[in-house]
Q: 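This is the structure I want to talk about, given as structure tokens.
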Amino acid sequence: IESLAQRPNRVETFKTIIQRELPAFMQRADPFGWRDLFDRFADWQFMVFSKGKPLGAALTLPLSWSGAPQELPGSFEEVLIRAVGSRELGKPFNTLVSLVVGLSERAAASDSRGLVLNALVRLAHERGVTHLLAPVRPAQKCHHPLAPLDQYINWKQVDGSPFDDDLRLHWKAGATMIGTMTRAVTLEETVNVWEQWAQMPFTDSGEYIVAGALNPVLIDQESNRGWYEEACVWMLHTPLNQTNPPLLSEATQTACIVM
């Protein structure tokens, strides 16, 4: 596993892998601040390689977190804002937030997502991070867009594991569900832009089911606005079994760990 600081020529490959995890409408909307991520946090964007070829990627940010669920960021944007603020203030961190984990096209056929996640957990362990947090996008909810999230995340399989594939992946890796990132992604634009994103017409005001969306998209023709918001589920991995471990300054961290 290597960072983009180590492999700057892999930026476009990294973006392609991450965007593969998003539904088509969100790829067109492009909700991530790529420039900030690459300019400020290239050392925290990771790619996993197998025999020299990209297996997957992880979009992550370092944070300082008390461990209290009520103090978790409420959106992807807030994670970035807090990470930027901590870095500018030289504030030590103890938490790695994995915003998106994706697979290359070659690896997707073999469903190697668990390998990439395990590599990230090992990385967090090697760096002495106390917490690995993942705001997991329960992608299968797009097949149940009218179901309330608090009900959906409690759906179980016969063996007691989460119904959703993405939640189940983290559950199998030992993660615990500790809450929801209620405004993970918020998209608001004109109706025309939304029609381009969704690749469908919005002829009247109301709620529309858009392919890949976890919830309906709200269209208001009078104000010429379309609005969408989705939540993610916070899953907590604890790589280290320590009591009150010290916070680690970024200056003490290596730019890249190769496994």
Side-chain angles (χ1 to χ4, degrees), residues 1 3 32-33 36-37 40-41 43-46 58-101 113-114 116-138 149-150 152-154 156 160-162 164 166-186 229-255 257:
I1 181 167
S3 73
F32 297 117
D36 273 336
L37 290 170
R40 297 173 182 262
F41 297 101
D43 51 334
W44 290 100
Q45 310 314 314
F46 301 106
L59 190 159
T60 78
L61 287 169
L63 284 183
S64 176
W65 178 52
S66 68
Q70 63 269 26
E71 295 181 9
L72 289 168
S75 66
F76 281 15
E77 183 179 19
E78 187 180 342
V79 174
L80 178 58
I81 290 171
R82 284 172 57 169
V84 170
S86 293
R87 172 160 281 188
E88 290 181 347
L89 294 173
K91 189 176 181 180
F93 67 89
N94 63 354
T95 300
L96 182 63
V97 180
S98 173
L99 297 173
V100 183
V101 172
R113 201 179 313 276
V116 176
L117 178 59
N118 288 337
L120 192 60
V121 172
R122 290 199 304 272
L123 176 71
H125 180 93
E126 291 293 332
R127 290 201 174 193
V129 172
T130 309
H131 308 294
L132 173 60
L133 281 169
V136 179
R137 184 178 191 270
L149 181 66
D150 58 349
Y152 176 81
I153 62 178
N154 287 306
K156 305 293 184 184
S161 63
D164 186 85
D166 297 286
L167 297 178
R168 189 165 63 253
L169 174 70
H170 288 264
W171 180 83
K172 286 183 176 179
T176 304
M177 192 182 302
I178 60 169
T180 56
M181 179 188 271
T182 55
R183 303 178 311 281
V185 175
T186 300
E229 186 173 85
E230 70 176 37
C232 289
V233 182
W234 281 111
M235 301 291 287
L236 172 64
H237 298 261
T238 307
L240 295 180
N241 293 319
Q242 290 182 262
T243 302
N244 299 322
L247 294 178
L248 304 177
S249 167
E250 288 197 61
T252 68
Q253 303 301 301
T254 58
I257 295 175

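Hydrogens, waters and symmetry mates are skipped; everything else that's a heavy atom, side chains included, is used. Please read these numbers as outputs of a predicted model, since none were measured by experiment.
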Q: Can you tell me how far apart CD1 (Ile153) and OG1 (Thr180) are? Round to the nearest 0.5 Å.
A: 6.5 Å
Q: Can you check whether Val97 reaches Pro135 side chain to side chain, under 4.5 Å on heavy atoms?
A: yes
Q: Nearest 0.5 Å, please: how far is OG1 in Thr130 from CG in Leu96?
A: 11.0 Å
Q: Going from CG on Leu72 to OG1 on Thr182, what distance comes out if it is rounded to the nearest 0.5 angstrom?
A: 10.5 Å
Q: For His170 and Met235, work out which heavy atoms get closest and say how close.
A: CB-CE, 3.8 Å
Q: What heavy-atom pair brings Arg113 and Val101 nearest, and what distance separates the two atoms?
A: NH1-O, 3.7 Å
Q: Heavy-atom distance under 4.5 Å between the side chains of Pro62 and Thr95, does that happen here?
A: no
Q: Within the side chain of Arg168, is there an N or O that forms a donor-acceptor pair under 3.5 Å with the backbone of Ser161?
A: no
Q: If we only count heavy atoms from C-beta on, is the Cys232 to Val136 side-chain gap below 4.5 Å?
A: no
Q: Locate the shortest heavy-atom distance separating Pro138 from Leu149; write the atom from each residue and the value.
A: CG-CD1, 4.2 Å
Q: Using side-chain heavy atoms (C-beta onward) and a distance below 4.5 Å, is Ser98 in contact with Leu61?
A: no
Q: Can any side-chain N or O of Thr186 pair as donor or acceptor with the backbone N or O of Glu229 at less than 3.5 Å?
A: no
Q: Measuring from atom OG of Ser86 to atom CD1 of Ile81, what distance do you get when rounded to the nearest 0.5 angstrom?
A: 12.0 Å
Q: Would you give the length of the straight line joining atom OG of Ser66 to atom CG of Asn94, rounded to the nearest 0.5 angstrom?
A: 8.5 Å
Q: Any idea which heavy atoms bring Ile1 and Ala119 closest together, and the distance?
A: CD1-O, 4.3 Å
Q: Applying salt bridge (Lys or Arg N to Asp or Glu O under 4.0 Å), which residue pairs with at least one partner in residues 73-82 are found, sequence neighbours left out?
A: Glu78-Arg82
Q: Under the 6.0 Å and 45° cation-pi test, does Arg137 pair with Trp234?
A: no
Q: Can you tell me how far CG of Leu120 sits from NE2 of His125, rounded to the nearest 0.5 angstrom?
A: 13.5 Å
Q: Does Glu71 use its side chain to pair, donor to acceptor, with the backbone of Gly67 at less than 3.5 Å?
A: no
Q: Only counting residues at least two apart or in another chain, list the ones meeting salt bridge (Lys or Arg N to Asp or Glu O under 4.0 Å) with Glu88.
A: Arg40
Q: Do Leu59 and Gln45 come close enough that some side-chain heavy atom pair is under 4.5 Å?
A: yes
Q: Taking the side chain as every heavy atom from C-beta outward, state whether Leu132 and Arg127 have any pair of such atoms under 4.5 Å apart.
A: no
Q: Using a 3.5 Å distance criterion without hydrogens, assess whether the side chain of Trp65 forms a donor-acceptor pair with backbone atoms of Ala68.
A: yes
Q: Would you indicate whether the side-chain heavy atoms of Phe76 and Met181 approach each other to under 4.5 Å?
A: yes
Q: Using side-chain heavy atoms (C-beta onward) and a distance below 4.5 Å, is Thr60 in contact with Phe41?
A: no
Q: Ring centres of His237 and His131 under 6.0 Å apart?
A: no
